[in-house]
There are 2 protein chains.
Amino acid sequence: MRRSNRSVILTSIYRDGPLSRYELGHQTSLSAASVSNLVGELLDEGVVEEAGSVESDGGRPRVLLRVAPTFGYVVGAEVGETRVRVELFDLAMKVLATAVYPIETAKPAPELAVKYVLQGLNAVIGEVGISPGQVLGMGVAVAGVVEGPADAIVHAQTLGWDAVPLGAMLAAGTDIPIQVDNGANTLGQAEMWFGAGRGATDAVVALVGSGVGAALVTGGSSYRGTRSSAGEWGHTTIVYGGRKCRCGAEGCLEAYVGAEGVLERFQLANGGQPAPGGDEEAAFIGVLDSVGTSEVAAKVVEDTIGYLGAGFANLVNLFNPERIVLGGWSGLLLGERYLPQLREAVGKHALRQPYAQVSIELCELGRDAVAMGAATLPVLRLLREGGATPREPGLVARAR
Amino acid sequence: MRRSNRSVILTSIYRDGPLSRYELGHQTSLSAASVSNLVGELLDEGVVEEAGSVESDGGRPRVLLRVAPTFGYVVGAEVGETRVRVELFDLAMKVLATAVYPIETAKPAPELAVKYVLQGLNAVIGEVGISPGQVLGMGVAVAGVVEGPADAIVHAQTLGWDAVPLGAMLAAGTDIPIQVDNGANTLGQAEMWFGAGRGATDAVVALVGSGVGAALVTGGSSYRGTRSSAGEWGHTTIVYGGRKCRCGAEGCLEAYVGAEGVLERFQLANGGQPAPGGDEEAAFIGVLDSVGTSEVAAKVVEDTIGYLGAGFANLVNLFNPERIVLGGWSGLLLGERYLPQLREAVGKHALRQPYAQVSIELCELGRDAVAMGAATLPVLRLLREGGATPREPGLVARAR
DNA sequence: GACCTAAGTTCACGATTTGTAGGAAGTCCG
DNA sequence: CGGACTTCCTACAAATCGTGAACTTAGGTC
């Protein structure tokens with residue numbers, strides 16, 4: 001009731017930049033009196049602060065309001081295959097401190113990841129010198145399926161994790177509230193709030209890297225399905241009976257447009273000769289750069305765009321989104337060079353009607369946005385709850 | 001505010017069968033006092049009525065409440081390629097009258113469809129002898145993309161309609177409120193409320209007939225996308241570079257599992273010899289029945305199940321639904337015979353995690369449920385508005 | 001310095017929800 | 001047959017919350 005309206009106002013102030021009370025009234029269709037009331041409360045609590053004023057032809061100037069960037073802090077962590085990255089942000093999402101821990105082993109034990117995340121949490125808080133009580137929460141992004149927000153059971157093929165209760169494990173080591181989510185979803189969230197997805201309510205953020213995934217955004221919030229494993233776009237069949245995918249099935253999109261799949265296809269077309277380059281990324285760039293000189297490379301890249309276009313078209317036809325945002329490291333490399341061709345390929349496979357309504361863009365935030373997206377999880381909760389639920393400044397991270 | 005609570009209570013009563021005030025309090029998490037208040041209002045207005053009582057061990061018996069079936073009536077219309085079907089229901093969704101008008105021409109003019117729908121509306125109301133003012137509204141299902149609920153611009157390839165403002169055209173001929181929606185969506189709605197989808201909140205109702213489509217249900221209500229053309233599952237690419245589809249693209253699912261596509265594939269595999277049988281349906285049944293004797297038929301059907309399984313798997317991976325319901329005339333014919341094989345085929349293409357969480361079922365309502373689903377549109381509005389918005393008994397259908 | 005415009009605030013009112021207590025409708029047991 | 005008991009439903013007062021109208025504040029203009 002009242003909380004709901006607080007939430008609406010706070011969200012409006014946060015999402016639509018500095019606003020005056022007057023504009024707030026219009027945006028939220030609440031009466032000026034209510035706005036004044038609730039804003040007064042939020043000001044008293046310190047969540048919101050005044051930020052200059054704007055002349056308004058002739059009359060009293062409007063006082064602008066914004067969410068106080070230092071009202072609280074949020075932490076975002078990314079648990080990837082090769083590293084754990086922890087970042088501290090203020091509420092304006094400015095990075096204040098970063099801690100990175102490389103992971104050398106191929107299939108790291110969950111305990112190691114937990115240790116690094118907690119260590120990083122301690123480190124970034126210590127570096128900036130804020131009190132733990134000021135940290136509203138920590139979001140943790142992990143490359144796998146995350147079941148339910150309760151214990152956050154994680155299934156991650158690439159990490160070798162099966163039913164790891166990551167949320168519970170982390171919560172046991174700190175008093176700071178923990179939220180765990182899929183990395184694709186958090187990156188999607190970051191792009192929707194601060195990147196190429198701004199303003200859209202129905203969108204898909206497609207991530208093409210070594211693997212392929214997507215975050216589905218419906219009605220402004222990300223869609224998770226029954227048990228939060230929605231968005232596995234990479235393992236939709238696009239060539240029935242086609243190439244074997246690492247998921248075990250045949251003809252998955254990932255086997256054709258994921259970087260690994262592209263390099264394998266190149267090697268196959270190149271008479272068994274792999275693409276030169278130290279790591280996967282170098283090799284992928286090598287293929288892209290040799291398009292002008294190598295017919296094999298040209299064909300492989302052209303096909304990749306075709307497959308990707310068909311994959312996008314499937315999203316367009318099924319979801320009728322207003323925007324599709326392409327990200328992921330190899331997706332961006334492709335998109336930077338071939339966006340027009342990609343759009344054309346989508347048009348070839350999509351229905352005219354929904355195709356005319358979708359715009360296809362590139363991610364604007366870098367790869368590190370995964371952690372930032374994770375950090376938006378506690379922010380989202382702050383907005384949803386319409387302000388802070390006070391928390392005793394407790395334990396940052398228990399020694400393990 | 002109050003209306004919202006009325007809506008919650010009314011919806012609960014409608015969806016969860018006869019309920020006592022006591023149970024309502026629990027379900028809606030409203031106080032007993034509020035429930036009593038609002039139920040009193042609803043009883044006074046006649047939307048809700050008492051329906052017997054149930055002993056409650058020892059104490060005062062609970063009085064059951066239900067939505068009064070004769071509080072109002074709703075009409076559902078189906079505009080198909082070969083017929084216009086109009087049905088009148090009471091609020092318990094019992095059919096009270098039916099009117100069917102065959103369409104002989106291949107691409108009927110929109111005006112003809114409008115004429116039949118209005119004529120049917122008149123006919124069913126006249127047959128039962130109720131006052132037009134008692135009709136809460138008419139839902140119209142049409143085989144095509146319906147844009148926006150305002151004017152309801154219809155794009156229907158199969159009917160040859162391009163940007164037909166069907167909603168506005170119908171509204172001009174009657175004072176009864178009109179709602180237009182896609183036929184796949186309305187059938188999906190019917191199955192979700194009264195058929196195989198009962199109880200599920202995230203589901204997909206897949207329709208396989210001559211063409212192929214799907215209704216996506218997310219969080220209990222059907223998902224429409226930016227401009228209500230979501231759910232075009234039939235035109236997702238499943239065989240990259242494969243068979244030409246009537247939509248113009250290549251390798252669409254519809255070209256493989258739609259009845260038309262199946263028959264074409266049979267003819268191709270049969271050395272150009274088409275399947276015997278007068279119309280499409282007879283021919284399709286013919287193919288199914290000859291599986292035991294004809295190797296060609298066996299292969300075609302087996303492949304069809306495979307393609308359909310992959311198409312289902314795509315839905316499973318992307319949406320993580322809790323249920324998939326297969327309907328449509330040819331889909332049902334296939335499903336009745338090969339549901340276990342289909343489930344197995346889905347398992348081959350889907351990820352283990354989401355596959356384990358989905359159940360695959362057959363539609364329980366017949367093909368005529370399209371009109372019934374359309375009739376749920378006004379019911380849905382009644383529930384959303386928490387009761388009746390009184391309307392002067394006006395014009396049923398103006399002469400044209 | 002008076003007047004004008006527009007923004008923000010205060011206050012009383014109406015609408016609603018919610019505890020709480022009491023009434024109603026049965027069963028059970030002597 | 002009737003009192004005690006259980007359970008469901010409702011009436012009343014108290015508290016909460018949003019809204020409209022009047023009022024105050026802040027700056028510009030002549």
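Just so it is clear: chains get the letters A, B, ... in the order the sequence lines come, proteins before strands, and each one is counted from 1.
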**OP:** Side chain of A:P61 only, please: which of C:dT20, D:dA26, D:dG20 is the nearest?
**Re:** D:dA26

Original post:
Of all the nucleotides listed (C:dT18, C:dG8, D:dT19), which has the minimum atom distance to the side chain of A:L30?
Top reply: D:dT19

In whole angstroms, how far is the [atom2] atom of [N] from the [atom1] atom of [X]?
| X | N | atom1 | atom2 | answer |
| --- | --- | --- | --- | --- |
| A:L42 | C:dG8 | CG | C1' | 16 Å |
| B:L24 | D:dT7 | CG | C1' | 17 Å |
| B:L38 | D:dT10 | CG | P | 12 Å |
| A:H26 | D:dT19 | NE2 | P | 14 Å |
| A:R3 | C:dT17 | CZ | P | 19 Å |
| A:R6 | D:dT16 | CZ | P | 16 Å |
| A:E41 | D:dG18 | CD | P | 9 Å |
| B:L43 | D:dT10 | CG | C1' | 13 Å |

Original post:
Quick one: CZ on A:R21 to CG on A:L64, what's the gap to the nearest 0.5 Å?
Top reply: 10.0 Å

Original post:
If you measure from CD on B:E23 to CG on B:L65, what distance do you get to the nearest 0.5 Å?
Top reply: 9.5 Å

Taking 4.0 Å as the cut-off, does a side-chain nitrogen or oxygen of [X] come that near to OP1 or OP2 on [N]?
| X | N | result |
| --- | --- | --- |
| A:R60 | C:dG8 | no |
| A:R62 | C:dA7 | yes |
| A:S34 | D:dG18 | no |
| B:N37 | C:dT16 | no |

Subject >> side-chain contact (heavy atoms from CB on, under 4.5 Å), paired with A:I9, selected from A:N37, A:L19, A:L42 >> reply: A:L42

**OP:** Can you label the angle between the B:F319 ring and the A:F319 ring as parallel, tilted or perpendicular, going by 30° and 60°?
**Re:** tilted

Subject >> Polar side chain donor-acceptor pair, A:Q357 to B:T226, under 3.5 angstrom >> reply: no

**OP:** Classify the nucleic acid contact of A:V63 as base, sugar-phosphate or nothing, counting any heavy atom under 4.0 Å across all strands shown.
**Re:** sugar-phosphate

